[in-house]
Amino acid sequence: MIEVDKTSKLLKIETATKSKLTSVDFNDIVFGKTFTDHMFICKYADGKWQNPAIKPFQQLTLDPSASVLHYGQAVFEGMKAFKDDNGTVWLFRPDENFKRLNRSAHRLQIPEFPENYFFEGLQKLISLDSEWIKQGVGNSLYVRPFVFASQATVQAIASLEYTFLIICSPAKSYYDGGKINVLVAEKFSRAANGGVGFAKAAGNYAAQFYPTSEATKKGYQQIIWTDSEKHKYLEEAGTMNIFFKINGKLITSPVNDRILDGVTRKSIITLAKDKGIDVEERPLSIDEVVKAHKTGILEEIFGTGTAVVVLPISSFSYKDVSYSLPQKADLAENLKKELLAIQYNQIEDRYNWTVKVD
Ligand SMILES: Cc1ncc(COP(=O)(O)O)c(C=O)c1O
């Protein structure tokens with residue numbers, strides 16, 4: 001068990017009088033539906049972030065005119081905390097999530113969040129709720145920082161007030177061995193040049209629900225998003241970055257203003273390069289992938305993201321033709337194993353990616 005220092009120079013800490021922990025069946029966790037006992041909250045008003053605090057997890061009150069409900073001025077992050085075999089809790093590259101949060105905030109005209117509030121809030125919250133993290137690979141705590149425009153106004157301008165929170169949800173990864181079939185987008189787009197695709201803006205996700213649900217009805221689990229101009233270049237898979245192994249090389253789209261700069265993506269690129277694999281960050285067209293499939297050199301396709309780590313794709317469909325991938329995704333499995341071993345502190349972290357929660 002981790003000792004919790006309930007005092008903080010920066011934060012006001014109010015602990016829950018009763019934990020919900022005993023009412024949770026950790027063998028039957030549905031992702032994103034159960035939340036821990038506490039949350040971090042901070043408000044922006046009068047030109048500054050103020051009153052950072054940890055409170056018992058609770059509902060918020062919001063004016064019906066709150067700007068976010070009308071104009072969607074909101075951004076979020078997603079990261080995970082892991083417990084190693086000694087009971088120590090580790091965060092994976094939280095500095096990357098912090099930087100991306102503020103890049104997203106900047107694009108949405110949201111005031112950047114102070115680094116000391118972010119890290120102190122994150123550390124204290126997770127150590128307070130560390131009992132919610134179970135040991136063993138597959139168990140983790142999903143950490144969701146987010147910020148939204150809370151000013152009571154329907155004026156279509158950037159809000160003058162914001163609310164920042166961090167909430168945490170216990171997660172368990174299940175691998176059911178199911179096939180992941182994806183549909184290459186020919187009509188809908190996730191992001192456009194000059195837009196907000198690189199940001200974790202709430203509206204990016206809202207706009208994906210309809211095309212994704214249409215694809216799901218046809219039996220696909222995800223959409224591979226293509227460039228908005230010609231629907232030719234393969235950019236992301238659902239809410240994952242996407243990699244293609246062609247003739248021994250690993251190819252992924254370069255990050256630009258349409259693509260989320262995934263923390264898992266950059267970690268996988270580093271691990272792959274260190275294994276001596278040739279990694280190319282370049283635009284990759286569907287025509288090149290179909291051709292590679294036809295000539296037998298398309299070896300693997302996989303998605304990367306915090307939730308799944310690495311997810312091998314079994315088939316993709318383009319212009320009503322389905323293309324199957326080889327059953328074995330050796331590189332994907334290999335990279336996933338190594339990344340998980342770093343996250344769970346089972347092997348040496350040569351890269352200084354993990355941050356201890358204490
Ligand atoms: C659109 C999109 N792409 C890629 C990712 C993967 O990013 P990360 O590896 O930082 O979780 C996510 C998830 O955060 C996402 O929402």
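All ligand and atom numbering here is 1-based and tracks the order in the structure. The basis for the numbers below is simple: all heavy atoms, side chains too, and nothing from hydrogens, waters or symmetry mates.
- For residues 334-358, every residue pair satisfying the ring-ring contact (aromatic ring centres under 6.0 Å, His included) rule, not counting sequence neighbours, is listed here: Phe82-Tyr344, Phe92-Trp353, Tyr351-Trp353.
- Clustering of Ile, Leu, Val, Met, Phe, Trp and Tyr by side-chain heavy atoms under 4.5 Å joins Tyr71 with Val154.
- Within 4.0 Å of ligand 1, the residues that place a heavy atom are Arg100, Arg190, Lys200, Tyr205, Glu236, Thr239, Met240, Asn241, Leu260, Gly262, Val263, Thr264, Thr304, Gly305, Thr306, listed by chain and number.
- For Gln73 (side chain) and Ser159 (main-chain N/O), a donor-acceptor pair under 3.5 Å exists by modelled atom type.
- At a threshold of 4.0 Å, the pair Glu96-Lys99 counts as salt-bridged, since one of the basic side-chain nitrogens sits closer than that to a carboxylate oxygen.
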Counting only pairs under 3.5 Å, give me each side-chain donor-acceptor contact of residues 187-194, with atom names and distances, residues two or more places apart or in other chains.
{"residue": "Arg190", "atom": "NH1", "partner": "Gly197", "partner atom": "O", "Å": "3.4"}
{"residue": "Arg190", "atom": "NH1", "partner": "Glu236", "partner atom": "OE2", "Å": "3.2"}
{"residue": "Arg190", "atom": "NH1", "partner": "Arg258", "partner atom": "O", "Å": "3.0"}
{"residue": "Arg190", "atom": "NH2", "partner": "Gly197", "partner atom": "O", "Å": "3.1"}
{"residue": "Asn193", "atom": "OD1", "partner": "Arg258", "partner atom": "NH1", "Å": "2.3"}

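- Between Arg103 and Asp261 a salt bridge is recorded (basic side-chain N to carboxylate O distance below 4.0 Å).
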